[in-house]
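Here's the structure, in structure tokens; my notes come after.
Proteins come first, then strands; the chains are lettered A, B, ... in the order of their sequence lines, and each starts at number 1.
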Protein chains: 2
Amino acid sequence: MARPRKPLLSRERIVTAALALIDEEGLQALSTRRLAAELGVSGPSLYNHFTTKDEILDAAADMVIAKVDVSGFGPDGDWRRGLTEWARSYRAALAAHPNFVPFLAQGPGRRPAGLKMADAAFGGMVEAGWPPAQATKVCAMVRYFVAGSALGSFARGFVDDAAAYDPADYPHLGQAHLLAEHQQQVDEGAFESGLRALVDGLALQHQPVS
Amino acid sequence: MARPRKPLLSRERIVTAALALIDEEGLQALSTRRLAAELGVSGPSLYNHFTTKDEILDAAADMVIAKVDVSGFGPDGDWRRGLTEWARSYRAALAAHPNFVPFLAQGPGRRPAGLKMADAAFGGMVEAGWPPAQATKVCAMVRYFVAGSALGSFARGFVDDAAAYDPADYPHLGQAHLLAEHQQQVDEGAFESGLRALVDGLALQHQPVS
DNA sequence: ACCTGAACACCGTTCAAGT
DNA sequence: ACCTGAACACCGTTCAAGT
């Protein structure tokens, strides 16, 4: 084959395929060779477009984070609404790619979309009257909560097998085998009440002046 | 060599070495061959003690979770104290092995220490008067928050290089390059205020009767 | 029972060779 | 510039062979 008249690959095609592979088969299924095969080329071809596998992951991560909506931080300075809507959108973006969360949670690094999101959230809090040091911590705790909730289902962490919960060993887990069945309600319910509690608690902790 | 008179390996020796390797070089540095080399044996020897690499990881995970202290859930029914002390101890246990958190956060599965912790936390909340469905969600949100905070430093997610934060693109991130320097204060401060906010907010949401 | 080396089907990445 | 196959130093796991 050698060089084709029209390039077979593009950065975008590679990144999209990588994300699809991660979603379908997990982070460890993403090998450069598998990815190349999926794209109909040989393994080393990818290195014409990215210098390393990690660079592909970075590009995919930025594509995911770019979807997060930070428009809740409006000019009205309503930090409660800003924080709540950001957290929901952030979680939705990560939860769409649960297998990718361990990578996504590693912070923005030098990725533009990650930095843009941080800038909007931090800026929104500061402009709503929060002292910068507090605003930083608030952004951090939202990241903790969102990443933790998207990292993996709480409910699915419990096996779907009543025999695994011997009442002699675990007297309170008699219903735990039902958790997986109600995964959606448990996880979304926990996220929503947790977010509400967090925002309520923050309001108690500090009443910013605009 | 063939079979030695005294076994060279034990499950405990393998698990301890695996955890050390993860701590020092990351989850992806843990290969069965590296691990075996570290223990002075050949790769396949491990399979006499564990049937799969994942089983080694499971055993290491349970060793870490076994260190979590749930004694804060005392018979006095003080759920605020129970929750706060559990969360702190849980975070300390995970943060001691940050590279291992993506694995640890995947829930207890069938691991006894993980189940014991869940039983104590859930049981503690229920005995303090929380309805089971609420108690489940509270346990879930603590897991989210703790796992997210241990998964990786918020502060270290921002590169230590002022030039990465162009004021034209990120008007509010002018100080972001200093975050890594204050990693400890930022991350621990965010965890502590977040935990306080969460507990305060939960108290508002529901006043359980004992 | 508990170790070994050989083997199988994989990895990420480099590089010279092709057009 | 953009693809290829060959090569290097790795993987997890199986298995027959040793004691």
Side-chain angles (χ1 to χ4, degrees), chain A residues 1-62 99-100 102-104 106 109 111, chain B residues 1-62 99-100 102-104 106 109 111:
Chain A
M1 301 253 154
R3 176 154 105 99
R5 331 176 72 258
K6 260 215 127 190
L8 298 174
L9 296 176
S10 68
R11 285 176 64 97
E12 215 205 318
R13 244 169 60 73
I14 293 170
V15 167
T16 306
L19 199 51
L21 197 50
I22 290 168
D23 287 342
E24 282 155 32
E25 308 193 31
L27 200 48
Q28 81 273 48
L30 182 80
S31 70
T32 56
R33 296 159 113 113
R34 270 289 312 265
L35 179 54
E38 217 83 35
L39 289 160
V41 297
S42 80
S45 302
L46 301 174
Y47 291 85
N48 288 296
H49 302 268
F50 291 95
T51 62
T52 190
K53 181 188 171 184
D54 246 52
E55 212 180 79
I56 299 174
L57 288 169
D58 267 325
D62 221 38
N99 297 334
F100 199 25
F103 190 90
L104 288 166
Q106 275 166 202
R111 302 195 296 262
Chain B
M1 300 257 154
R3 176 154 106 98
R5 332 176 71 258
K6 259 214 128 191
L8 299 174
L9 296 176
S10 69
R11 286 175 65 97
E12 215 206 316
R13 243 169 62 71
I14 293 170
V15 168
T16 306
L19 199 52
L21 197 52
I22 290 168
D23 287 342
E24 282 154 31
E25 307 193 31
L27 200 48
Q28 81 273 47
L30 182 79
S31 70
T32 55
R33 296 160 113 113
R34 269 290 312 266
L35 179 55
E38 216 84 35
L39 289 161
V41 296
S42 80
S45 302
L46 301 174
Y47 291 85
N48 287 295
H49 303 269
F50 292 96
T51 62
T52 189
K53 180 187 172 185
D54 246 51
E55 212 180 79
I56 300 175
L57 289 168
D58 267 325
D62 220 38
N99 297 333
F100 199 25
F103 189 90
L104 288 165
Q106 275 166 201
R111 302 195 297 262

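Here C:dT19 presents its P atom at 17 Å from CG of A:N48, a figure rounded to the nearest Å. Between B:R5 atom CZ and C:dC3 atom C1' there is a gap of 15 Å when expressed in whole angstrom units. Nucleotide D:dC2 holds its P atom 12 Å from the CZ atom of A:R11, rounded to whole Å.
The CG atom of B:N99 sits 11.0 Å away from the CG atom of B:L30 when rounded to the nearest 0.5 Å. Atom OG1 of A:T52 is separated from atom CG of A:L46 by 11.0 Å, given to the nearest 0.5 angstrom.
Contact check of residues 12-22 of chain A against DNA chain D (heavy atom, cut-off under 4.0 Å) returns no residues at all. Using a 4.0 Å cutoff on non-hydrogen atoms, the parts of residues 36-47 of chain A near DNA chain C are A:P44, A:Y47, ordered by number.
Looking at residues two or more places apart in sequence or on another chain, you find a side chain to side chain contact (heavy atoms under 4.5 Å, CB included) between A:P102 and A:L151, B:P102. For A:F103, the ring pair (Phe, Tyr, Trp, His ring centres under 6.0 Å) partners at least two apart in sequence or on another chain are A:F100.
A:S45 and A:L9 make their closest contact through CB-CD1, 4.0 Å (heavy atoms, listed as atom of the first residue, atom of the second, distance). Considering every non-hydrogen atom in both A:L21 and A:A29, the closest pair reads CD2-O, 4.0 Å. Considering every non-hydrogen atom in both A:L39 and A:A17, the closest pair reads CD2-CB, 3.8 Å. Considering every non-hydrogen atom in both A:P7 and A:P4, the closest pair reads CA-CG, 4.3 Å.
Judged as a salt bridge (Lys or Arg N to Asp or Glu O under 4.0 Å), not a single pair has a partner in residues 44-53 of chain A (not counting sequence neighbours). Each side chain to side chain donor-acceptor pair (under 3.5 Å) pair with one or both residues in residues 12-27 of chain B, not counting sequence neighbours, appears once here: B:D23-B:H97, B:E25-B:R34.
For the pair B:H49 and C:dC3, the criterion of a side-chain N or O lying under 4.0 Å from OP1 or OP2 is met.
For the pair A:R11 (side chain) and A:F50 (backbone), a donor-acceptor distance under 3.5 Å is absent.
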Distance-only check: which donor-acceptor pairs under 3.5 Å involve side-chain atoms of residues 54-61 of chain B, not counting sequence neighbours?
from  : atom 1 : to     : atom 2 : distance (Å)
B:E55 : OE1    : B:T51  : N      : 3.4
B:E55 : OE2    : B:T51  : OG1    : 3.0
B:D58 : OD1    : B:R111 : NH1    : 3.0

Q: Fill in the dot-bracket string of DNA chain D, one character per base: . for unpaired, | for a pair to another strand, ( ) or [ ] for pairs within the strand, taking Watson-Crick or G-U pairs under 3.5 Å.
A: ||.|||||...|||||.||

For nucleotides 8-11 of chain D, list the nitrogen or oxygen atoms of the protein found under 3.5 Å from its nitrogen or oxygen atoms, one pair per line.
from   : atom 1 : to    : atom 2 : distance (Å)
D:dC11 : OP1    : B:S31 : OG     : 3.1
D:dC11 : O5'    : B:S31 : OG     : 3.3
D:dC11 : N4     : B:R33 : NH2    : 3.3

